Amino acid sequence: MSRASRRPPPVTRDAIVDAAIRVLDRDGPRVSMDAFAAEAGITKPRLYRQFTDKSDLYTAIGNRFADTAFAATGTDLTLLLQPPREAIARALGDYAVGILDHPNVFRFLAQAHAGTSGDGATGQYDLSSAVADRFTKRARAVADSIPLDAEGIEYLARAIVGVMIALTDLWLTDPEPESSEFVRRVGELVWGMIDAFLRGRGVEAAPDVPIFVTLAALNADHEEPGVG
């Protein structure tokens, strides 16, 4: 047998992230890099050939989680065609289901940002910023397509994501958290922030009317020639 054939098969970054998520799901949020490596079937030195340090791995786990959470917002077209109340409920419901699938991953990332983890790692990942950055790009794209003044939309995005993440932490303290309860509690707050943002730009939107219908009517009113 050649030396090359005796080498262990390569383990990708994605495979290590998958292993880390399995450990978190099974063992809880306070775990070590050794546990991640063991689950991936590698030694810790081999793990560090794929990730430069703990922060690099934490960021990869966080980005996987943030992408999943962000995907719940749907497409730009969906956000425009559905009534806001319906779109918000759908997005929050999908988000809540995703959280319930991996609650310990959320707890792990929250601890990492707070500066605590199973092996003393500090300040590894800011989940709120990561999701807010994605949400800001989506919200700006929607605003530009309408068009709508997007000034300050990054503040709206950060506020919405901050509320969602803070209340996720509270919601998970329930012994049996239910997605419907999360949607009911958070949906009202999210719509309130969006409504305030739109009103600040002269748009009075009804929660049960698609945004594009509201804006089309507003544009028609502005374009109607004066009388007399």
Side-chain angles (χ1 to χ4, degrees), residues 13-33 35-36 38-40 57-75 78-79 82-118 121 124-139 157-194 207:
R13 287 173 62 96
D14 282 345
I16 295 172
V17 170
D18 290 339
I21 291 173
R22 289 196 300 272
V23 171
L24 292 166
D25 286 343
R26 183 184 66 232
D27 299 337
R30 299 187 66 81
V31 294
S32 68
M33 298 292 281
F36 293 156
E39 181 69 21
L57 175 56
Y58 283 28
T59 297
I61 296 170
N63 284 341
R64 173 80 67 82
F65 192 80
D67 287 342
T68 301
F70 175 69
T73 62
T75 66
T78 298
L79 295 173
Q82 288 187 338
R85 193 192 306 276
E86 181 180 334
I88 290 169
R90 179 192 54 76
L92 291 177
D94 289 347
Y95 168 84
V97 169
I99 292 291
L100 291 178
D101 285 341
H102 304 284
N104 284 332
V105 178
F106 174 85
R107 295 184 179 109
F108 170 79
L109 294 170
Q111 289 180 0
H113 179 52
T116 59
S117 70
Q124 301 290 347
Y125 189 76
D126 187 346
L127 178 63
S128 180
S129 293
V131 177
D133 288 345
R134 291 162 171 78
F135 190 65
T136 297
K137 292 177 183 177
R138 170 66 56 79
R158 180 61 67 92
I160 289 174
V161 172
V163 164
M164 286 178 60
I165 290 179
L167 294 185
T168 298
D169 194 42
L170 175 61
W171 172 59
L172 288 177
T173 62
D174 191 311
E176 296 183 359
E178 297 183 358
S179 58
S180 59
E181 177 71 5
F182 182 83
V183 171
R184 185 176 69 83
R185 297 285 189 181
V186 181
E188 180 179 352
L189 296 174
V190 170
W191 167 244
M193 288 185 282
I194 293 174

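Please read these numbers as outputs of a predicted model, since none were measured by experiment.
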Legend entry - Glu181 atom CD: more than 12 heavy-atom contacts under 6.0 Å: yes

Inset, instruction - Evaluate whether atom CZ of Arg185 has more than 12 neighbouring non-hydrogen atoms of other residues, nucleotides or ligands under 6.0 angstrom away. - result: no

Inset, instruction - Among Val23, Ile99, Ile21, find the residue that satisfies the side-chain contact (heavy atoms from CB on, under 4.5 Å) test when tested with Val105. - result: Ile21

Inset, instruction - Output yes when a side-chain donor or acceptor of Arg138 lies under 3.5 Å from a complementary backbone atom of Arg134, and no otherwise. - result: no

Legend entry - Residues that Phe65 engages under ring-ring contact (aromatic ring centres under 6.0 Å, His included), provided they are two or more places apart: none

Legend entry - Ring geometry between Trp171 and Phe182 (parallel below 30°, tilted from 30 to 60°, perpendicular above 60°): tilted

Legend entry - Nearest non-hydrogen partners of Pro177 and Leu100, listed with the distance: CG-CD2, 3.7 Å

Legend entry - Sub-4.5 Å side-chain heavy-atom contact between Glu176 and Asp174: yes

Legend entry - Residue pair Asn104 / Gly28: nearest heavy atoms and the distance that separates them: ND2-CA, 3.5 Å

Legend entry - Rounded distance (nearest 0.5 Å) linking atom OG of Ser128 with atom CG of Asp133: 9.0 Å

Legend entry - Heavy-atom pair of closest approach, residues Gln82 and Ala87: OE1-CA, 3.2 Å

Legend entry - Rounded distance (nearest 0.5 Å) linking atom CD1 of Ile165 with atom OH of Tyr95: 5.5 Å

Inset, instruction - Please round to the nearest 0.5 Å and tell me the distance separating atom CG of Asp14 and atom CZ of Arg64. - result: 5.5 Å

Inset, instruction - In plain terms, say whether Asp94 and Arg90 are close enough for a salt bridge, that is, a side-chain N and a carboxylate O under 4.0 Å apart. - result: yes

Legend entry - Pairwise side-chain contact, Ser129 with Arg158, heavy-atom cut-off 4.5 Å (strictly under): yes

Inset, instruction - Supply the atom-to-atom distance Leu24 CG to Leu109 CG, rounded to the nearest 0.5 angstrom. - result: 8.0 Å

Legend entry - Non-hydrogen side-chain atoms of Thr168 and Val186 separated by less than 4.5 Å: no

Legend entry - Nearest non-hydrogen partners of Ala157 and Ala132, listed with the distance: CB-O, 4.1 Å

Legend entry - Contact summary for Ala40 and Ile16, nearest pair of heavy atoms: CB-CG1, 4.3 Å

Inset, instruction - Report yes if the side chains of Asp101 and Thr68 come closer than 4.5 Å at any heavy-atom pair, otherwise no. - result: no

Legend entry - For the student: nearest non-hydrogen atoms of Asp27 and Val31, plus distance: CB-CG1, 4.1 Å

